[in-house]
Amino acid sequence: MPLAASLTENPSSSPSIQPLVDLVVGGMEQVNQIILSKAGSNVELIPEIATHLISSGGKRLRPMLTLAMADMFGYRGEGHVTLAASVEFMHTATLLHDDVVDESDMRRGKLAARKLWGNQASVLVGDYLLGQAFKMMVDVGSLEALRILSEASAIIAEGEVLQLGAAQDITTTEEDYLRVIEAKTAALFAAAAEVGPVIADQSAEMKAAARDYGMQLGLAFQLVDDALDYGGSAADLGKDVGDDFREGKITLPIVLAVARGTDEERSFWKRCLEDGDIQDGDLDRAIDLLKSHGAIAETVERAKAYGAGALAALEGLPDGPHKGALADAVAFCVARVS
């Protein structure tokens, strides 16, 4: 059966990430030990802030991709564990920075670090974690893996700047927004997946397939988050429903609704998102407009299309339990909002 079928067949079953978790449980235990060790510092505030975010949960999907991809190709060594820990540190650093840029109050259901320790401390601890991530990459000794992850770090920063330019601008196009999330979110998924076959000395074709899987999964993951902000629950998001709206974020549902809306509706979006003048009942109206223009449903369909792309990329990779678990991870990500 083609892997692509798993996004549409057996709709009564609940897709789960558990098969992937089970396959990499040993490696993730080592990753977690490294994370706790490398988050330490004689500067008391550093482990305090880092531990606050690291211990607040999260699926740790990105480091699991690194472990699973390396295991899939029969890698024997510890390099994939170190790289997986560096990937998680990169992700954690971007969260600390994101919350400052976005002025977010919540992260994973807890107060954002910036609300507890301030913006300056959050940014600087994020920088520290990035430094630790690069030290770990160097320790692995793979110049190619170092190149891939360092390029991802630069691309993520570019994505942040792109998003800043598009922030609170309802003229943002779909193409503009996809460029943002490809850089800001999908680039790290892609790099995390690619370094697995890299340290396992696989062919360029295998590396490209793994990277494509990660890129497509990352895009699907972000679009599902976009849809959940207007059609999910706080439990799904780890933050309040409508936070993107209150923060003036221009996400794909907004882009689609603005393009399909009337002049009066565009005035509404401008008042709320560009001017920051949000009044009682505006979130409910925003959700109604998004639904009436099919913007949430369309975003979900786009996420499913990227999910199908991730499954197609898996087709050329080695058969076995890891391939199946990586396919399940795609179905799980998409099903969060199905």
Side-chain angles (χ1 to χ4, degrees), residues 32 34-60 62-63 85-136 149-150 152-169 180-181 183-185 187-188 222 225-226 228-229 234-251 272-278 283:
N32 290 334
I34 292 174
I35 286 171
L36 292 174
S37 170
K38 297 295 184 180
S41 169
N42 292 328
V43 179
E44 185 177 337
L45 196 58
I46 291 175
E48 194 173 349
I49 293 176
T51 302
H52 170 78
L53 185 53
I54 291 166
S55 66
S56 64
K59 300 175 183 65
R60 301 268 169 95
R62 296 159 188 81
S86 70
V87 164
E88 185 62 15
F89 265 27
M90 289 176 66
H91 177 54
T92 303
T94 63
L95 297 183
L96 287 167
H97 290 162
D98 281 355
D99 286 345
V100 171
V101 172
D102 297 338
E103 299 183 344
S104 299
D105 293 339
M106 300 294 292
R107 169 64 65 182
R108 293 172 176 168
K110 298 169 64 174
L111 277 176
R114 75 174 201 89
K115 295 295 291 182
L116 296 171
W117 291 280
N119 288 338
Q120 293 174 321
S122 293
V123 169
L124 293 173
V125 171
D127 292 344
Y128 174 83
L129 294 180
L130 276 177
Q132 290 289 67
F134 282 102
K135 285 172 62 178
M136 287 187 278
L149 289 171
S150 61
S153 181
I155 290 169
I156 292 165
E158 286 179 338
E160 290 285 359
V161 177
L162 280 172
Q163 185 179 51
L164 197 61
Q168 300 173 320
D169 180 1
V180 168
I181 65 171
K184 189 170 175 290
T185 301
L188 186 54
Q222 184 59 59
D225 270 4
D226 292 350
L228 280 172
D229 196 72
D236 295 321
L237 291 164
K239 60 180 183 176
D240 293 330
V241 171
D243 273 358
D244 285 354
F245 179 73
R246 284 182 284 269
E247 292 169 9
K249 286 186 179 179
I250 309 299
T251 58
C272 293
L273 301 178
E274 291 190 0
D275 301 338
D277 180 15
I278 297 175
L283 176 58

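Please read these numbers as outputs of a predicted model, since none were measured by experiment.
One finds the CD1 atom of I35 at 9.5 Å from the OG atom of S86 (value rounded to the nearest 0.5 Å). In this structure, CG on L36 lies 7.0 Å from CD1 on I54, to the nearest 0.5 angstrom. For the atom pair CG of D169 and CD of E274, the computed distance is 5.5 Å after rounding to the nearest 0.5 Å. A distance of 6.0 Å separates CD in E103 from CZ in R114, rounded to the nearest 0.5 Å.
The minimum heavy-atom distance linking I34 with A85 is given by the pair CG2-CB, 3.7 Å. Scanning both residues, A112 and S104, for their nearest heavy atoms gives CB-O, 3.6 Å. In this structure, F89 and A39 approach most closely via the heavy-atom pair CZ-N, 3.7 Å. Among all heavy-atom pairs drawn from M90 and L149, the shortest one is CE-O, 3.4 Å. Pairing each heavy atom of V100 with each of S122, the nearest pair is CG2-CB, 3.8 Å.
A distance-only check finds no donor-acceptor pair linking the side chain of R62 to the backbone of V87 [under 3.5 Å]. A donor-acceptor pair is defined here as one N or O able to donate and one able to accept, closer than 3.5 Å; such a pair exists between the side chain of D229 and the backbone of D244.
The side-chain contact (heavy atoms from CB on, under 4.5 Å) test with Q163 is passed by exactly one of D102, I181, I250: D102. Screening V123, T94, L164 against V101 for a side-chain contact (heavy atoms from CB on, under 4.5 Å) leaves a single residue, L164.
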What donor-acceptor contacts under 3.5 angstrom involve side-chain atoms of residues 126-136, with partners at least two apart or in another chain?
residue : atom : partner : partner atom : Å
D127    : OD1  : H97     : NE2          : 3.1
Y128    : OH   : G40     : O            : 2.8
Y128    : OH   : Q132    : NE2          : 3.3
Q132    : OE1  : K135    : NZ           : 3.2
Q132    : NE2  : K38     : O            : 2.8

Please list every donor-acceptor pair under 3.5 Å in which a side-chain atom of residues 45-52 meets a protein atom from a residue at least two apart or in another chain.
residue : atom : partner : partner atom : Å
T51     : OG1  : P47     : O            : 2.7
H52     : NE2  : L111    : O            : 2.8

TODO: Please test H91 against L188 for side-chain contact (heavy atoms from CB on, under 4.5 Å), starting from the C-alpha separation and ending with a verdict.
DONE: CA-CA 8 Å; H91 177 54; L188 186 54; 3.8 Å; yes

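Under the side chain to side chain donor-acceptor pair (under 3.5 Å) criterion, D226 pairs with Y177, Q222, not counting sequence neighbours.
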